[in-house]
Amino acid sequence: MDSLKLLPLVTILGICSHIGLAQSPTYGLGRAPSAEEIRAWDISISPTGKELPRGRGTAKEGEQLFRQKGCAGCHGATGIGARAPALVKGGPPAEPGKAPPAGMEGMHMVPDTGIMALRSPYAVTIWDYISRGMPLNREGTLKPDEVYALTAFLLYKNDIIKEDEVMDAQTLPKVIMPNRNGFANLPEWKHGVPRLAGYP
Amino acid sequence: MDSKKPNRRGFLKGGAAAAGLAAGALQPAKAQKPASQWSEKGTNKEIIAYGERSRFVTSVRAPVAERDSPDAFGLMFHVLTPLQDSVGSITPSSLHYVATHRGSYVPEIDPKEHRLMIHGMVDRPLIFTMDELKRLPYVTRVHFIECIGNRSKPTHKTVQETHGMTSCSEWTGVLLSVLLKEAGVQNGASWIVAEGAEEIKGASSVPLGKAMDDCLVCYGQNGEAVRPQQGFPLRLIVPGFEGIFQTKYLRRIKVVDRYYMTYNDYGHINPDPKVSALGNQIGPKSVITFPSGGQKLSGAGFYEISGLAWSGAGAIRKVEVSTDGGKSWKDAELRTPAYPMAHTRFGLHWNWDGKACELLSRCTDELGTLQPTRAESAKYFDRPLDANFRVPGADNSVQSWKVSSDGSVHNGLA
């Protein structure tokens, strides 16, 4: 190739890499997303809360939103006893030996532990799930303030925080959940190593 | 069907040898109808376009008994593979079990618009189009998928009900390790979070060691594109792990420094370290699919006992079958290649004497781990063995089928 022609090409590629056209090093495929693209796509929230957006909400605001956003239509006006899973404690105790419903097989089924606010070791998980997965058919449409308020409402109704406590990016990760230390760590996964030596 | 009506099906029913439809269509034998009569509406379409199975074959998926699909919200939940009719080791894509996060719809995704982003603790965040992913080096591997809820209950009548939440496909795609190396995983990273593009953006955390070992980013299933019910256009396969990790509609992989405890994750953790160890990765498991619950033997004589064995830890090394309720065991033959983390078909010649008996199978995987009986599991966990005993973790216990002297077959748990 004519080296005189190559030179401008290299210059152009150099500029392009700065504006987000970088490709994978081995195969030269794909491109670098812009910081804005990553922000728009990245809805995963660490248990530490480091990705939590700005915003705030309280249980009182959440109670209103619970009706306005249609949550009550599926979960019941009090968050329990309707078609969708119970969100607030107070349900009947689990029957000894009764198999959990399909899809909840892996869960530790004792009274009320199917309720997310009581089972989840981190409050942030509730925020993450409301944010990505609710409400039905309008998933992902809630604003951060609304998600904070709804999370606060569920935490308050399950006696985990006070009614006037403000939930935001700083306070939410600090909420001590009742089941914070209720779970065993998963054994480290290693290729070719039995998961539970000696079983059965 | 009106058998007098001259059509292809009527003819074949009327005595064509199994010479094959295509050959018959091109070159009718003497006894066949003239070729012009083969041009009945629909016939050519069936041959030329996307093929249908024989209308005499009626095996179908069915919703789990415990929750309707579609449910009160119109959502699909868990739908079972008819294992009782299965042969070989590959589940037809049309019969692959379906499980959805929360209950879901099957999204319609235009592959031209679909993107996979890899970001988080990487040196070079990357976005790939489907065309770009298909240009990368690929692998094709056979792997099963099984839902953690695949648990035999006394109320279940058939093997579809007891074990139908497992299926096996030939998957084609890019090793996740290739993509992660292109992105450059940073020191301190220990997990990935894989996320789908469907309405609830279902996400699961996978240990980085597993992600770098054998996970696949798949666009192909059983010789064609991944089916919409299975994650079209892109699905993460985490070989040997519970179904919930096999993220459908894969749109994003975030490399992170801790277990992210997503909604999917938190439902699958457990207080007991031993139970916890029996989750995530499926233990060695097998089941006899013939004869199985609801089927009927037509009388004493020769049969092939046939079944499937699989393990999340690797390849199946051995399958044993008992026809006397576990008093004695015979080695079964492996009838398909024993690929790692794949259904493996086993068979055993059997002369049924016409007396009531109990059929069991158990397998051993390449790590030497033996599939437990319910009794062995109860003993290990020091719990009473009664009808209420739930095998902890993923239930991989031995399934019993009881054959009555009239040839009917029933769930041994009942």
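Below, chain A is the first sequence line, B the second, and so on; all start at residue 1. What you are looking at is a predicted structure, and each value in this text was computed from that prediction instead of being measured.
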Legend entry - Pairs of heavy atoms under 4.5 Å with chain B: top-ranked of A/D128, A/N137, A/N181: A/N137
Legend entry - Engaged part of B/V206 at the chain A interface, taking heavy atoms whose separation is under 4.5 Å: neither
Inset, instruction - Grab the two heavy atoms, one from B/L367 and one from A/V193, that are nearest each other, plus how far apart they are. - result: CD1-C, 3.8 Å
Legend entry - Over 12 non-hydrogen atoms of neighbours within 6.0 angstrom of OH in B/Y138: no
Legend entry - Which portion of B/T129 sits near chain A, non-hydrogen atoms under 4.5 angstrom: neither
Legend entry - Donor-acceptor under 3.5 Å (A/R195 side chain, B/A313 main chain): no
Legend entry - Engaged part of A/W189 at the chain B interface, taking heavy atoms whose separation is under 4.5 Å: side chain
Legend entry - Residue B/L126 versus chain A: region with a heavy atom under 4.5 Å: both
Legend entry - A/S44 side, atom OG; B/R252 side, atom CZ - distance, nearest 0.5 Å: 3.5 Å
Legend entry - Region of B/V275 that comes under 4.5 Å of a non-hydrogen atom in chain A: neither
Legend entry - CD1 on A/I38 to CD1 on B/I127, rounded to 0.5 Å: 7.5 Å
Inset, instruction - Could you tell me whether the side chain of A/W41 reaches within less than 4.5 Å of the side chain of B/H119, counting heavy atoms only? - result: no
Inset, instruction - Kindly assign one of parallel, tilted or perpendicular to the pair A/Y129 and B/Y263, based on the angle between their ring planes and the thresholds 30° and 60°. - result: parallel
Inset, instruction - Search all heavy atoms of B/Y259 against all heavy atoms of A/P47 and return the closest pair with its distance. - result: O-CG, 3.6 Å
Inset, instruction - Counting only heavy atoms closer than 4.5 Å, note whether B/V256 contacts chain A via side chain, backbone, both or neither. - result: neither
Legend entry - Working for salt bridge (Lys or Arg N to Asp or Glu O under 4.0 Å), residues B/K254 and A/E51: CA-CA 12 Å; B/K254 182 174 183 179; A/E51 299 97 337; 2.6 Å; yes
Legend entry - Which of A/G140, A/P121, A/P85 touches chain B most, by non-hydrogen pairs under 4.5 Å: A/P121
Legend entry - Note, A/P200 side chain near B/K379 side chain (heavy atom, < 4.5 Å): no
Inset, instruction - Let me know if B/E195 has heavy atoms under 4.5 Å from chain A in its side chain, its backbone, both or neither. - result: side chain
Legend entry - Residue selection (most heavy-atom pairs with chain A, distance under 4.5 Å) from B/A65, B/P392, B/P137: B/P137
Inset, instruction - Among the options B/E376, B/R124, B/M261, B/R135, pick out the one with the most heavy-atom pairs lying under 4.5 Å from chain A. - result: B/M261
Inset, instruction - Sort B/P340 into side chain, backbone, both or neither according to what part of it lies under 4.5 angstrom from a heavy atom of chain A. - result: neither
Inset, instruction - May I ask you to decide if A/T26's main-chain N or O and B/E182's side chain share a donor-acceptor pair within less than 3.5 Å? - result: yes
Legend entry - Max heavy-atom pair count under 4.5 Å with chain B, selected residue of A/I43, A/N185, A/I45: A/I43
Inset, instruction - Flag the pair B/Y266 / A/M116 as yes when at least one side-chain heavy-atom distance between them is below 4.5 Å, and no otherwise. - result: yes
Inset, instruction - Examine whether an atom of B/N280 lies under 4.5 Å from a heavy atom of chain A, and if so say whether it belongs to the side chain, the backbone or both; otherwise answer neither. - result: side chain
Inset, instruction - Go through the atoms of B/D272 and report whether side chain, backbone, both or neither lie under 4.5 Å from a heavy atom of chain A. - result: backbone
Inset, instruction - Ignoring hydrogens and angles, state whether a donor on the side chain of A/Y199 or B/S377 is under 3.5 Å from an acceptor on the partner side chain. - result: yes
Legend entry - Which atoms of A/E188 approach chain B - backbone, side chain, both or neither, heavy atom under 4.5 Å: neither
Legend entry - Residue B/F389 versus chain A: region with a heavy atom under 4.5 Å: neither
Inset, instruction - For A/A184 and B/P271, work out which heavy atoms get closest and say how close. - result: CB-O, 3.4 Å
Legend entry - Atom group of B/P273 that falls short of 4.5 Å from chain A, counting heavy atoms: both
Legend entry - Under 4.5 Å from a heavy atom of chain A, the part of B/D257 involved: side chain
Inset, instruction - Take atom NZ of A/K162 as the centre, draw a 6.0 Å sphere, and report whether it contains more than 12 heavy atoms from other residues, nucleotides or ligands. - result: no
Legend entry - Spatial distance of atom CZ (A/F183) from atom NE2 (B/H268) [nearest 0.5 Å]: 11.5 Å
Inset, instruction - Measure the spacing between CG of B/N264 and OG1 of A/T125 and express it to the nearest 0.5 Å. - result: 11.0 Å
Legend entry - Approximate separation, where rounding is to 0.5 Å, of A/N179 CG and B/I269 CD1: 7.5 Å
Legend entry - Which atom of B/A203 lies closest to which atom of A/R132, heavy atoms considered: CB-NH1, 3.4 Å
Legend entry - Part of A/I126 within contact of chain B (heavy atom distance under 4.5 Å): neither
Inset, instruction - Sort B/K201 into side chain, backbone, both or neither according to what part of it lies under 4.5 angstrom from a heavy atom of chain A. - result: both
